[in-house]
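Below is one structure, written out as C-alpha coordinates; the observations come after it.
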Amino acid sequence: MTDAAERGSLARHAFVTDDPALAPIAEKVASGTRLTFEDGVALYRSPDILAVGWLANSVRERLHGDLAYFNVNRHINPTNVCVASCRLCAFGRKKGAPGTYTMALEEAWTTAAEGYTEAVTEFHIVGGLHPDLPLEYFLDLVSGLKERFPLVHVKAFTMVEVAFLAKRAKLSIRETLERVRAAGVDSLPGGGAEIFADRVRSIICDHKINGNEWLETAETAHQLGLRSNATMLYGHVENDEDRVDHLLRLRAVQDRTGGFQTFIPLAFHPANTALDHLPRTTGLTDMKQIAVGRLMLDNFPHIKSYWQMVSPKMAQISLRFGADDIDGTVIEEKIYHDAGATTPQGMRREELMRLITAAGRVPFERDTMYRAVTRTEDTFTVAV
Ligand code: V47
(Lines give C-alpha, C1' and ligand atoms only; values in the text may rest on other atoms or scores of the structure.)
Protein backbone atom coordinates (compact mmCIF):
# COMPACT_ATOMS: atom_id res chain seq x y z
CA MET A 1 0.00 0.00 0.00
CA THR A 2 1.33 3.45 -0.86
CA ASP A 3 1.69 6.05 1.91
CA ALA A 4 -1.18 8.04 0.45
CA ALA A 5 -3.45 4.98 0.19
CA GLU A 6 -2.56 3.99 3.73
CA ARG A 7 -3.34 7.48 5.01
CA GLY A 8 -6.63 7.28 3.10
CA SER A 9 -7.61 3.97 4.64
CA LEU A 10 -6.60 5.10 8.14
CA ALA A 11 -8.64 8.25 7.72
CA ARG A 12 -11.56 6.04 6.71
CA HIS A 13 -11.31 3.65 9.61
CA ALA A 14 -9.91 5.45 12.64
CA PHE A 15 -12.42 6.67 15.19
CA VAL A 16 -11.18 9.52 17.33
CA THR A 17 -13.11 11.36 20.03
CA ASP A 18 -12.47 13.32 23.17
CA ASP A 19 -15.93 12.43 24.51
CA PRO A 20 -15.53 9.33 26.75
CA ALA A 21 -19.28 8.65 26.53
CA LEU A 22 -18.88 7.81 22.84
CA ALA A 23 -16.25 5.05 23.19
CA PRO A 24 -18.67 2.24 24.26
CA ILE A 25 -21.19 3.41 21.63
CA ALA A 26 -18.50 3.27 18.94
CA GLU A 27 -17.79 -0.35 19.89
CA LYS A 28 -21.46 -1.25 19.59
CA VAL A 29 -21.72 0.47 16.21
CA ALA A 30 -18.63 -1.40 14.96
CA SER A 31 -20.06 -4.76 16.06
CA GLY A 32 -23.62 -4.01 14.92
CA THR A 33 -25.01 -4.13 18.48
CA ARG A 34 -28.30 -2.33 18.98
CA LEU A 35 -28.10 1.04 20.79
CA THR A 36 -30.16 1.69 23.93
CA PHE A 37 -32.24 4.65 25.11
CA GLU A 38 -29.25 5.82 27.20
CA ASP A 39 -26.95 5.58 24.18
CA GLY A 40 -29.38 7.77 22.21
CA VAL A 41 -29.38 10.42 24.93
CA ALA A 42 -25.56 10.29 25.15
CA LEU A 43 -25.31 10.81 21.38
CA TYR A 44 -27.60 13.85 21.54
CA ARG A 45 -25.68 15.26 24.53
CA SER A 46 -22.24 14.70 23.00
CA PRO A 47 -20.39 17.92 22.18
CA ASP A 48 -18.31 15.95 19.63
CA ILE A 49 -20.54 16.36 16.57
CA LEU A 50 -17.80 15.19 14.23
CA ALA A 51 -17.40 11.90 16.09
CA VAL A 52 -21.17 11.32 16.15
CA GLY A 53 -21.26 12.11 12.43
CA TRP A 54 -18.31 9.81 11.76
CA LEU A 55 -20.13 6.91 13.43
CA ALA A 56 -23.32 7.58 11.48
CA ASN A 57 -21.34 7.88 8.27
CA SER A 58 -19.73 4.49 8.89
CA VAL A 59 -23.20 2.90 9.09
CA ARG A 60 -24.38 4.84 6.03
CA GLU A 61 -21.39 3.67 3.99
CA ARG A 62 -21.79 0.09 5.22
CA LEU A 63 -25.36 0.12 3.89
CA HIS A 64 -25.09 2.25 0.75
CA GLY A 65 -21.42 2.82 -0.06
CA ASP A 66 -21.11 6.12 -1.91
CA LEU A 67 -24.61 6.12 -3.40
CA ALA A 68 -26.88 9.08 -2.64
CA TYR A 69 -30.51 8.72 -3.68
CA PHE A 70 -32.86 11.36 -5.09
CA ASN A 71 -36.05 11.29 -7.11
CA VAL A 72 -38.02 13.38 -9.56
CA ASN A 73 -41.22 14.12 -7.71
CA ARG A 74 -43.99 16.67 -7.48
CA HIS A 75 -45.80 17.78 -4.36
CA ILE A 76 -49.53 18.39 -4.59
CA ASN A 77 -51.38 19.95 -1.64
CA PRO A 78 -55.08 19.75 -2.60
CA THR A 79 -56.32 22.01 0.21
CA ASN A 80 -55.00 24.13 3.07
CA VAL A 81 -58.36 24.17 4.87
CA CYS A 82 -57.86 22.34 8.15
CA VAL A 83 -60.01 21.71 11.21
CA ALA A 84 -56.93 21.30 13.38
CA SER A 85 -55.18 24.44 14.63
CA CYS A 86 -51.75 23.01 15.30
CA ARG A 87 -49.39 25.54 16.83
CA LEU A 88 -46.55 24.13 14.74
CA CYS A 89 -48.24 24.81 11.42
CA ALA A 90 -48.35 27.89 9.17
CA PHE A 91 -50.04 26.10 6.27
CA GLY A 92 -53.49 25.10 7.55
CA ARG A 93 -56.30 27.66 7.78
CA LYS A 94 -59.82 27.52 9.15
CA LYS A 95 -62.63 27.21 6.60
CA GLY A 96 -63.61 30.65 5.32
CA ALA A 97 -60.40 32.35 6.55
CA PRO A 98 -58.41 34.57 4.17
CA GLY A 99 -55.95 32.68 1.97
CA THR A 100 -57.76 29.34 1.97
CA TYR A 101 -57.90 27.24 -1.18
CA THR A 102 -59.29 23.88 -2.21
CA MET A 103 -58.49 22.46 -5.62
CA ALA A 104 -61.29 21.23 -7.83
CA LEU A 105 -60.37 17.75 -9.08
CA GLU A 106 -59.63 19.05 -12.61
CA GLU A 107 -57.34 21.66 -11.07
CA ALA A 108 -55.44 19.04 -9.07
CA TRP A 109 -54.97 16.90 -12.17
CA THR A 110 -53.79 19.91 -14.20
CA THR A 111 -51.42 20.94 -11.41
CA ALA A 112 -49.94 17.44 -11.51
CA ALA A 113 -48.88 18.00 -15.11
CA GLU A 114 -47.37 21.45 -14.49
CA GLY A 115 -43.81 22.32 -13.67
CA TYR A 116 -40.66 20.89 -15.07
CA THR A 117 -40.95 19.04 -18.33
CA GLU A 118 -38.94 16.06 -17.07
CA ALA A 119 -41.23 13.13 -16.29
CA VAL A 120 -41.92 12.84 -12.59
CA THR A 121 -41.91 9.38 -11.01
CA GLU A 122 -43.81 10.31 -7.83
CA PHE A 123 -46.71 12.48 -6.72
CA HIS A 124 -46.44 13.36 -3.03
CA ILE A 125 -49.94 14.36 -1.90
CA VAL A 126 -50.74 15.80 1.52
CA GLY A 127 -53.11 18.50 2.71
CA GLY A 128 -55.28 19.93 5.47
CA LEU A 129 -58.06 18.10 7.31
CA HIS A 130 -60.98 19.62 5.40
CA PRO A 131 -64.29 19.42 7.30
CA ASP A 132 -66.45 18.96 4.18
CA LEU A 133 -64.42 17.03 1.61
CA PRO A 134 -65.64 13.42 1.63
CA LEU A 135 -63.44 10.37 1.21
CA GLU A 136 -64.77 10.10 -2.38
CA TYR A 137 -63.03 13.39 -3.31
CA PHE A 138 -59.68 11.87 -2.35
CA LEU A 139 -60.45 8.53 -4.02
CA ASP A 140 -61.42 10.35 -7.25
CA LEU A 141 -58.35 12.58 -7.00
CA VAL A 142 -56.06 9.54 -6.86
CA SER A 143 -57.88 7.40 -9.45
CA GLY A 144 -57.96 10.40 -11.81
CA LEU A 145 -54.21 10.82 -11.42
CA LYS A 146 -53.65 7.13 -12.09
CA GLU A 147 -55.74 7.32 -15.27
CA ARG A 148 -53.77 10.30 -16.53
CA PHE A 149 -50.30 9.30 -15.26
CA PRO A 150 -50.31 5.49 -14.97
CA LEU A 151 -46.51 5.24 -14.55
CA VAL A 152 -46.31 7.67 -11.64
CA HIS A 153 -46.17 6.34 -8.06
CA VAL A 154 -48.76 7.97 -5.79
CA LYS A 155 -47.42 8.57 -2.26
CA ALA A 156 -50.41 10.08 -0.55
CA PHE A 157 -52.03 10.97 2.78
CA THR A 158 -50.29 11.05 6.14
CA MET A 159 -51.44 8.77 8.97
CA VAL A 160 -53.22 11.85 10.36
CA GLU A 161 -55.22 12.32 7.16
CA VAL A 162 -56.04 8.60 6.94
CA ALA A 163 -57.35 8.61 10.52
CA PHE A 164 -59.40 11.78 9.84
CA LEU A 165 -60.90 10.39 6.63
CA ALA A 166 -61.74 7.13 8.41
CA LYS A 167 -63.59 8.99 11.14
CA ARG A 168 -65.53 11.15 8.67
CA ALA A 169 -66.49 8.15 6.50
CA LYS A 170 -67.28 6.04 9.58
CA LEU A 171 -64.88 3.34 8.43
CA SER A 172 -62.08 1.57 10.25
CA ILE A 173 -58.48 2.60 9.55
CA ARG A 174 -57.98 -0.71 7.74
CA GLU A 175 -61.03 -0.20 5.51
CA THR A 176 -59.98 3.36 4.73
CA LEU A 177 -56.49 2.23 3.78
CA GLU A 178 -57.99 -0.51 1.60
CA ARG A 179 -60.17 2.05 -0.16
CA VAL A 180 -57.32 4.49 -0.86
CA ARG A 181 -55.11 1.64 -2.02
CA ALA A 182 -57.82 0.40 -4.38
CA ALA A 183 -58.07 3.95 -5.80
CA GLY A 184 -54.34 3.92 -6.59
CA VAL A 185 -52.36 4.98 -3.53
CA ASP A 186 -49.04 3.09 -3.72
CA SER A 187 -47.44 4.18 -0.44
CA LEU A 188 -47.79 6.74 2.37
CA PRO A 189 -45.58 9.72 3.23
CA GLY A 190 -44.12 10.12 6.70
CA GLY A 191 -45.74 13.37 7.85
CA GLY A 192 -47.76 14.13 10.95
CA ALA A 193 -45.58 12.08 13.31
CA GLU A 194 -44.11 15.25 14.91
CA ILE A 195 -42.95 14.00 18.35
CA PHE A 196 -44.91 11.11 19.82
CA ALA A 197 -44.65 12.13 23.51
CA ASP A 198 -48.06 13.34 24.81
CA ARG A 199 -46.53 16.29 26.71
CA VAL A 200 -45.06 17.71 23.50
CA ARG A 201 -48.04 16.86 21.31
CA SER A 202 -50.37 18.68 23.69
CA ILE A 203 -48.37 21.86 23.05
CA ILE A 204 -47.57 21.69 19.33
CA CYS A 205 -50.47 19.72 17.81
CA ASP A 206 -53.16 18.94 20.36
CA HIS A 207 -55.81 18.52 17.64
CA LYS A 208 -54.03 15.64 15.93
CA ILE A 209 -54.21 11.91 16.58
CA ASN A 210 -51.88 10.90 19.40
CA GLY A 211 -48.54 9.15 18.96
CA ASN A 212 -49.91 5.64 19.47
CA GLU A 213 -52.69 6.25 16.92
CA TRP A 214 -50.09 7.44 14.38
CA LEU A 215 -47.99 4.31 15.00
CA GLU A 216 -51.02 1.98 14.86
CA THR A 217 -52.15 3.52 11.56
CA ALA A 218 -48.66 3.01 10.13
CA GLU A 219 -48.60 -0.57 11.38
CA THR A 220 -51.97 -1.29 9.77
CA ALA A 221 -50.77 0.19 6.47
CA HIS A 222 -47.68 -2.02 6.60
CA GLN A 223 -49.81 -5.10 7.38
CA LEU A 224 -51.77 -4.38 4.19
CA GLY A 225 -48.51 -4.28 2.22
CA LEU A 226 -48.33 -0.49 1.89
CA ARG A 227 -44.89 0.98 2.59
CA SER A 228 -44.55 4.32 4.36
CA ASN A 229 -42.01 6.82 5.57
CA ALA A 230 -41.68 8.31 9.06
CA THR A 231 -40.77 11.83 10.10
CA MET A 232 -39.77 13.55 13.34
CA LEU A 233 -40.32 17.27 13.80
CA TYR A 234 -37.58 18.71 16.03
CA GLY A 235 -36.43 22.10 17.22
CA HIS A 236 -39.48 23.30 19.20
CA VAL A 237 -40.37 22.27 22.78
CA GLU A 238 -39.09 18.69 22.75
CA ASN A 239 -36.04 17.49 24.71
CA ASP A 240 -33.43 14.82 23.99
CA GLU A 241 -35.41 12.14 25.83
CA ASP A 242 -38.52 12.91 23.73
CA ARG A 243 -36.48 12.51 20.54
CA VAL A 244 -34.97 9.20 21.61
CA ASP A 245 -38.40 7.95 22.71
CA HIS A 246 -39.74 8.88 19.25
CA LEU A 247 -36.95 6.98 17.50
CA LEU A 248 -37.36 3.88 19.68
CA ARG A 249 -41.12 3.76 19.12
CA LEU A 250 -40.52 3.85 15.37
CA ARG A 251 -37.84 1.17 15.68
CA ALA A 252 -40.24 -1.10 17.62
CA VAL A 253 -42.91 -0.90 14.88
CA GLN A 254 -40.27 -1.49 12.23
CA ASP A 255 -39.12 -4.66 14.05
CA ARG A 256 -42.65 -6.01 13.66
CA THR A 257 -43.49 -4.83 10.13
CA GLY A 258 -40.39 -3.82 8.15
CA GLY A 259 -42.73 -1.41 6.36
CA PHE A 260 -40.88 1.88 6.87
CA GLN A 261 -38.60 2.86 4.04
CA THR A 262 -37.13 6.17 5.10
CA PHE A 263 -36.76 8.27 8.22
CA ILE A 264 -36.89 12.04 7.68
CA PRO A 265 -36.05 14.44 10.51
CA LEU A 266 -37.83 17.77 9.85
CA ALA A 267 -36.47 21.02 11.29
CA PHE A 268 -39.20 23.20 12.79
CA HIS A 269 -39.73 26.53 10.95
CA PRO A 270 -41.39 28.93 13.42
CA ALA A 271 -42.31 31.90 11.17
CA ASN A 272 -46.07 32.55 10.88
CA THR A 273 -46.88 29.85 13.44
CA ALA A 274 -48.18 30.24 16.99
CA LEU A 275 -44.66 29.30 18.12
CA ASP A 276 -42.91 32.09 16.24
CA HIS A 277 -41.09 33.22 19.39
CA LEU A 278 -38.88 30.11 19.11
CA PRO A 279 -35.52 30.37 17.30
CA ARG A 280 -34.80 28.37 14.15
CA THR A 281 -32.65 25.28 14.45
CA THR A 282 -28.90 25.56 13.86
CA GLY A 283 -26.84 23.59 11.36
CA LEU A 284 -25.30 21.51 14.13
CA THR A 285 -28.72 20.51 15.49
CA ASP A 286 -29.81 19.56 11.98
CA MET A 287 -26.77 17.31 11.44
CA LYS A 288 -27.22 15.75 14.89
CA GLN A 289 -30.77 14.62 14.01
CA ILE A 290 -29.61 12.95 10.84
CA ALA A 291 -26.69 11.23 12.58
CA VAL A 292 -28.57 10.05 15.68
CA GLY A 293 -31.46 8.88 13.47
CA ARG A 294 -29.03 6.79 11.38
CA LEU A 295 -27.46 5.26 14.49
CA MET A 296 -30.62 4.48 16.47
CA LEU A 297 -32.80 3.29 13.55
CA ASP A 298 -30.69 0.25 12.72
CA ASN A 299 -33.67 -1.39 10.97
CA PHE A 300 -34.50 1.56 8.66
CA PRO A 301 -32.94 1.21 5.22
CA HIS A 302 -32.81 4.95 4.45
CA ILE A 303 -32.30 8.31 6.17
CA LYS A 304 -33.42 11.34 4.20
CA SER A 305 -32.11 14.85 4.58
CA TYR A 306 -34.94 16.86 3.02
CA TRP A 307 -33.12 19.68 1.21
CA GLN A 308 -36.16 21.97 1.41
CA MET A 309 -36.02 21.70 5.16
CA VAL A 310 -32.32 22.00 5.97
CA SER A 311 -31.22 23.94 2.82
CA PRO A 312 -29.38 22.45 -0.17
CA LYS A 313 -25.99 23.26 1.40
CA MET A 314 -26.69 21.42 4.65
CA ALA A 315 -28.27 18.53 2.71
CA GLN A 316 -24.89 18.13 0.99
CA ILE A 317 -23.03 18.03 4.32
CA SER A 318 -25.56 15.56 5.72
CA LEU A 319 -24.44 13.02 3.10
CA ARG A 320 -21.35 12.66 5.36
CA PHE A 321 -23.42 12.59 8.59
CA GLY A 322 -25.61 9.55 7.97
CA ALA A 323 -28.06 10.59 5.22
CA ASP A 324 -28.22 8.62 1.98
CA ASP A 325 -31.15 10.50 0.36
CA ILE A 326 -31.91 14.18 -0.25
CA ASP A 327 -35.51 13.85 -1.55
CA GLY A 328 -36.37 15.21 -4.99
CA THR A 329 -37.31 17.99 -7.35
CA VAL A 330 -40.52 18.77 -5.35
CA ILE A 331 -41.42 21.57 -7.83
CA GLU A 332 -43.89 23.43 -5.60
CA GLU A 333 -43.44 23.39 -1.83
CA LYS A 334 -46.03 25.13 0.36
CA ILE A 335 -45.80 23.87 3.97
CA TYR A 336 -42.36 25.31 4.84
CA HIS A 337 -42.67 28.30 2.57
CA ASP A 338 -45.77 29.37 4.49
CA ALA A 339 -43.56 28.99 7.57
CA GLY A 340 -40.82 31.26 6.25
CA ALA A 341 -38.53 28.88 4.32
CA THR A 342 -36.24 30.75 1.94
CA THR A 343 -35.12 27.73 -0.10
CA PRO A 344 -36.27 27.51 -3.73
CA GLN A 345 -39.69 25.84 -4.13
CA GLY A 346 -38.22 23.18 -6.38
CA MET A 347 -34.92 22.07 -7.88
CA ARG A 348 -34.07 20.56 -11.24
CA ARG A 349 -32.76 17.04 -11.57
CA GLU A 350 -29.36 18.20 -12.85
CA GLU A 351 -28.92 20.52 -9.87
CA LEU A 352 -29.69 17.73 -7.39
CA MET A 353 -27.11 15.56 -9.14
CA ARG A 354 -24.56 18.38 -9.07
CA LEU A 355 -25.03 18.85 -5.30
CA ILE A 356 -24.57 15.13 -4.69
CA THR A 357 -21.51 14.84 -6.91
CA ALA A 358 -19.90 17.90 -5.31
CA ALA A 359 -20.38 16.21 -1.91
CA GLY A 360 -18.26 13.31 -3.18
CA ARG A 361 -21.18 10.90 -3.52
CA VAL A 362 -22.62 9.09 -6.53
CA PRO A 363 -26.11 10.28 -7.55
CA PHE A 364 -28.65 7.48 -7.93
CA GLU A 365 -32.06 8.41 -9.32
CA ARG A 366 -34.57 6.16 -7.60
CA ASP A 367 -38.31 5.68 -7.78
CA THR A 368 -40.29 5.74 -4.51
CA MET A 369 -39.43 2.07 -3.90
CA TYR A 370 -35.70 2.79 -4.37
CA ARG A 371 -35.50 1.04 -7.74
CA ALA A 372 -33.12 2.52 -10.33
CA VAL A 373 -34.76 4.89 -12.82
CA THR A 374 -33.48 5.05 -16.38
CA ARG A 375 -34.50 8.06 -18.47
CA THR A 376 -35.09 8.69 -22.12
CA GLU A 377 -35.95 12.18 -23.37
CA ASP A 378 -39.48 12.47 -21.97
CA THR A 379 -40.20 9.27 -20.08
CA PHE A 380 -38.53 6.78 -17.74
CA THR A 381 -38.29 3.09 -16.98
CA VAL A 382 -37.78 1.44 -13.60
CA ALA A 383 -35.53 -1.55 -12.97
CA VAL A 384 -37.53 -4.49 -11.53
O1 V47 B 1 -46.35 16.63 8.91
C2 V47 B 1 -45.59 21.42 9.39
C3 V47 B 1 -44.13 19.36 9.12
C4 V47 B 1 -44.71 17.78 7.62
C5 V47 B 1 -44.11 22.88 9.86
O6 V47 B 1 -42.50 11.16 3.40
C7 V47 B 1 -43.50 21.67 9.61
O8 V47 B 1 -40.98 11.48 1.88
C9 V47 B 1 -41.48 22.62 9.95
O10 V47 B 1 -44.00 15.04 6.14
N11 V47 B 1 -42.02 23.81 10.23
C12 V47 B 1 -45.06 17.55 6.16
N13 V47 B 1 -42.19 21.53 9.64
C14 V47 B 1 -43.83 17.24 5.33
C15 V47 B 1 -43.48 15.78 5.35
C16 V47 B 1 -42.52 15.23 4.36
C17 V47 B 1 -41.63 16.07 3.72
C18 V47 B 1 -40.75 15.50 2.78
C19 V47 B 1 -40.78 14.17 2.49
C20 V47 B 1 -41.67 13.35 3.14
C21 V47 B 1 -41.73 11.90 2.80
C22 V47 B 1 -42.55 13.87 4.10
O23 V47 B 1 -44.11 19.04 7.78
C24 V47 B 1 -45.83 17.85 8.59
C25 V47 B 1 -45.15 18.47 9.79
O26 V47 B 1 -44.44 17.51 10.52
N27 V47 B 1 -44.43 20.79 9.34
N28 V47 B 1 -45.42 22.71 9.70
C29 V47 B 1 -43.31 24.00 10.21
N30 V47 B 1 -43.85 25.17 10.52
Side-chain angles (χ1 to χ4, degrees), residues 69-71 73-77 80 82 84-93 121-129 153-164 185-196 200-201 204-205 207-209 211 214 218 221 226-236 238 246 250 259-276 278-281 286 289 300 302-311 315 323 325-343 346 366-370:
Y69 303 91
F70 71 99
N71 73 348
N73 61 350
R74 191 192 212 296
H75 283 207
I76 304 172
N77 306 119
N80 65 353
C82 192
S85 310
C86 298
R87 287 198 185 90
L88 68 90
C89 184
F91 171 71
R93 286 163 174 68
T121 62
E122 171 190 281
F123 293 131
H124 174 142
I125 308 172
V126 295
L129 308 179
H153 181 109
V154 174
K155 183 178 79 179
F157 313 134
T158 64
M159 307 309 159
V160 177
E161 290 168 272
V162 169
F164 180 75
V185 167
D186 298 300
S187 71
L188 283 82
E194 321 312 0
I195 286 276
F196 294 136
V200 176
R201 263 185 130 69
I204 65 169
C205 60
H207 299 91
K208 269 187 190 158
I209 54 173
W214 191 98
L226 286 162
R227 293 294 184 99
S228 82
N229 291 337
T231 55
M232 177 177 81
L233 186 74
Y234 63 90
H236 39 84
E238 88 288 3
H246 188 93
L250 288 173
F260 288 120
Q261 304 220 95
T262 310
F263 171 67
I264 312 146
L266 298 172
F268 178 55
H269 284 48
N272 305 320
T273 75
L275 298 171
D276 62 358
L278 294 175
R280 285 184 66 156
T281 62
D286 293 338
Q289 308 313 311
F300 271 59
H302 299 284
I303 306 291
K304 186 189 285 184
S305 178
Y306 183 31
W307 67 264
Q308 286 273 6
M309 185 60 85
V310 293
S311 82
D325 190 320
I326 61 169
D327 203 79
T329 48
V330 180
I331 302 183
E332 193 181 10
E333 203 292 317
K334 292 196 203 311
I335 297 175
Y336 311 111
H337 287 82
D338 282 354
T342 52
T343 49
R366 59 163 179 89
D367 73 348
T368 314
M369 309 309 284
Y370 286 84

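All ligand and atom numbering here is 1-based and tracks the order in the structure. Values below: every heavy atom of this structure, side chains too, minus hydrogens, waters and symmetry copies. Note that the structure is a prediction, hence the values are computed from the model and not measured.
The salt bridge (charged side-chain N to carboxylate O under 4.0 Å, His left out) test with E194 is passed by exactly one of K208, R201, R87: K208.
Closer than 4.0 angstrom to ligand 1 by heavy atom are L88, C89, H124, K155, P189, G190, G191, G192, E194, N229, T231, L233, I264, L266, A267, F268, H269, T273, K304, Y306, M309, D327, I335, Y336, A339, sorted by chain and number.
Residues passing the side-chain hydrogen bond (donor to acceptor under 3.5 Å, both in side chains) test with K155, sequence neighbours excluded: E122, H124. Considering only residues two or more places apart in sequence or on other chains, T158 meets the side-chain hydrogen bond (donor to acceptor under 3.5 Å, both in side chains) condition with E161. Among residues two or more places apart in sequence or in another chain, the side-chain hydrogen bond (donor to acceptor under 3.5 Å, both in side chains) test is passed with R93 by none.
Between N229 and K304, the closest side-chain pair of non-hydrogen atoms falls below 4.5 Å.
Taken to the nearest 0.5 Å, the CZ atom of F157 stands 6.0 Å off from the CD1 atom of I125.
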